[in-house]
Q: 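Just passing along the structure, written as structure tokens.
Treat the numbers as computed from the prediction; the structure is a model and nothing was measured. Sequence lines set the chain letters: A, B, ... in the order given, protein chains first and strands last, and positions in each chain run from 1.
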2 protein chains.
Amino acid sequence: MSDDPHHPRLRIRVVFGERGMIGPGKADLLDGIARHGSIAAAGREMGMSYKRAWELIGTLNAMFHAPLVTRTRGGAGGGGAVLTETGHEVLALYRGVEAGAAEAGERQIATLRGLLRDIPDGK
Amino acid sequence: MSDDPHHPRLRIRVVFGERGMIGPGKADLLDGIARHGSIAAAGREMGMSYKRAWELIGTLNAMFHAPLVTRTRGGAGGGGAVLTETGHEVLALYRGVEAGAAEAGERQIATLRGLLRDIPDGK
DNA sequence: GTGCGATATGTTTCGTGGAACATATCTGAA
DNA sequence: TTCAGATATGTTCCACGAAACATATCGCAC
């Protein structure tokens, strides 16, 4: 979609043992909610069913000591969802890990990329 | 198995667009082959079927401009597999990315860990 | 009090990755 | 010339997660 297939991408998942984990999916979802103010809209944007988005948010909320997303039902516009302070914090921390890792691994990744076989078939 | 569930772990996957990707699974497999000199033994060690291990090695070999693993059939001991120079190089680069990311994200991850909910059930 | 738009959940269907199973093949050693 | 132990591959089966489908609920606006 909007990602350059020629540039290596780093997908990072932080695993907290049995307590859960957070990766690109949940992060992007939080991001979408922050931008749209709606679980449904965020899910739609990334081609994810409302149900799945809702479930992910549920696990995220249960995972931290305070919910990351608060929801409102009914009302003008039908309701909506917003990131709590903790929500913004967690998202920022995750993005920080991503950015730091990308920078720290820049050299190795470039070298790795150079070792790849030339594209076998341009489709 | 040997991973401390209390300490957050970073799982990193380097994605090269359509050309493939490398993550913990393939890296550990390469590692096992380097240590055991056998695809089968490496697979066994990580509870992976020989077939799956063999397939992963196949995609890895096809992914880079030179094979990462060379195999020998028959002979004393039935055969075996060893990492090529490129194989060692790729593994080292991936481990480097992992290490760099872990170090770079140390702060954020610790903070994230502090935001987790207290364990709900000690099992 | 009806409609709208979003959250909230349950149920069922379905595709896919992996496990399990089954062989075939290779070659040095005994 | 048989055996051992590893690579090499195809086929079938099944669990699990996600998608699809189906409702229910909420509350402001009109």
Q: Locate the shortest heavy-atom distance separating B:Ile39 from B:Tyr50; write the atom from each residue and the value.
A: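 Between these two residues, the closest heavy atoms are CG2-CE1, 3.6 Å.
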
Q: With a 4.0 Å heavy-atom cut-off, tell me which residues in residues 53-64 of chain B come close to DNA chain D, sorted by residue number.
A: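 Only B:Trp54 qualify.
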
Q: What are the atom names and distances for every N/O pair under 3.5 Å that joins the protein to nucleotides 13-20 of chain C?
A:
unit_1 : atom_1 : unit_2  : atom_2 : d
C:dG18 : OP1    : B:Arg52 : NH2    : 2.9
C:dG18 : OP2    : B:Arg52 : NH1    : 3.2

Q: Round to the nearest Å and state the distance from A:Met21 atom CE to D:dG17 atom P.
A: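 The distance from CE of A:Met21 to P of D:dG17 comes to 11 Å, rounded to the nearest Å.
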
Q: Any side-chain N or O of B:Ser38 less than 4.0 Å from the OP1 or OP2 oxygen of D:dT7?
A: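 Checking D:dT7 against B:Ser38, a side-chain N or O does come within under 4.0 Å of OP1 or OP2.
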
Q: Please report the end-to-end axis angle for the helix from C:dG1-D:dC30 to C:dA30-D:dT1, five pairs per end, rounded to 10 degrees.
A: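 The end axes of the helix from C:dG1-D:dC30 to C:dA30-D:dT1 are about 0° apart, to the nearest 10°.
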
Q: Find out whether A:Leu68 and A:Ile33 are in side-chain contact, i.e. whether some heavy atom of one side chain is under 4.5 Å from a heavy atom of the other.
A: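 No. Closest side-chain heavy atoms not under 4.5 Å.
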
Q: Is there a side-chain contact between A:Val69 and A:Val82 (heavy atoms, below 4.5 Å)?
A: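 SC-SC contact between A:Val69 and A:Val82 ruled out.
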
Q: Roughly how many Å is it from OH in A:Tyr50 to P in D:dA24, rounded to a whole number?
A: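 Rounded to the whole Å, the gap is 17 Å.
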
Q: Less than 4.5 Å apart, side chain to side chain, heavy atoms only: is that true for B:Leu10 and A:Val14?
A: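 Result yes, sub-4.5 Å side-chain heavy-atom pair found.
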
Q: Which residue, A:Gly77 or A:Arg71, contacts DNA chain C at a nucleotide closer to its 5' end, judged by nearest heavy atom?
A: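 Nearer the 5' end of the strand: A:Gly77.
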
Q: Check each residue of residues 79-88 of chain B for a non-hydrogen atom within less than 4.0 Å of any atom in DNA chain D, then write out the ones that pass by number, or none.
A: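 Within this stretch, B:Gly79, B:Gly80 sit under 4.0 Å of the strand.
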
Q: Which pair of non-hydrogen atoms, one from A:Thr86 and one from A:Ala66, has the smallest distance, and what is that distance?
A: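 Between these two residues, the closest heavy atoms are OG1-CB, 3.8 Å.
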
Q: Counting neighbours of CD on A:Glu103 that are heavy atoms of other residues, nucleotides or ligands and sit closer than 6.0 Å, is the number greater than 12?
A: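 Counting other residues, nucleotides and ligands, CD of A:Glu103 stays at 12 neighbours or fewer.
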
Q: A side-chain contact here means heavy atoms from C-beta on lying under 4.5 Å apart; do A:Asp118 and B:His65 qualify?
A: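 Result no, sub-4.5 Å side-chain heavy-atom pair not found.
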
Q: Could you tell me which non-hydrogen atom of B:Ala34 sits nearest to which non-hydrogen atom of B:His88, and how far apart they are?
A: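 Taking every non-hydrogen atom into account, CB-NE2, 4.3 Å.
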
Q: Roughly how many Å is it from NE2 in A:His36 to P in C:dG5, rounded to a whole number?
A: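 So the two atoms are 17 Å apart, to the nearest Å.
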
Q: Could you tell me whether B:Glu106 atom CD has more than 12 heavy atoms of other residues or ligands within 6.0 Å of it?
A: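 Count not over threshold, so no.
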
Q: Can you check whether A:Gln108 reaches B:Arg95 side chain to side chain, under 4.5 Å on heavy atoms?
A: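 With C-beta onward as the side chain, the pair stays apart.
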
Q: Got more than 12 heavy atoms from elsewhere within 6.0 Å of CZ, A:Arg107?
A: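 Count not over threshold, so no.
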
Q: Identify each atom pair where a protein N or O and an N or O of nucleotides 26-30 of chain C are less than 3.5 Å apart, giving names and distance.
A:
unit_1 : atom_1 : unit_2  : atom_2 : d
C:dC26 : O2     : B:Gly74 : N      : 2.9
C:dT27 : O4'    : B:Gly75 : N      : 3.1
C:dT27 : O2     : B:Gly75 : N      : 2.9
C:dG28 : O4'    : B:Ala76 : N      : 3.2

Q: Counting C-beta onward and ignoring hydrogens, is there a side-chain heavy-atom pair between A:Met63 and A:Phe16 closer than 4.5 Å?
A: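 In contact.
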
Q: So do B:Met21 and A:Arg11 actually touch side chain to side chain, heavy atoms under 4.5 Å?
A: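 No. Closest side-chain heavy atoms not under 4.5 Å.
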
Q: According to side chain to side chain donor-acceptor pair (under 3.5 Å), does anything in residues 66-82 of chain B pair up with another residue at least two apart or in another chain? List the pairs.
A: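 Side chain to side chain donor-acceptor pair (under 3.5 Å) check on residues 66-82 of chain B returns no pairs.
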
Q: Can you confirm whether A:Pro24 sits close enough to A:Tyr94 that some side-chain heavy atom of one is under 4.5 Å from a side-chain heavy atom of the other?
A: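 A:Pro24 reaches A:Tyr94 side chain to side chain.
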
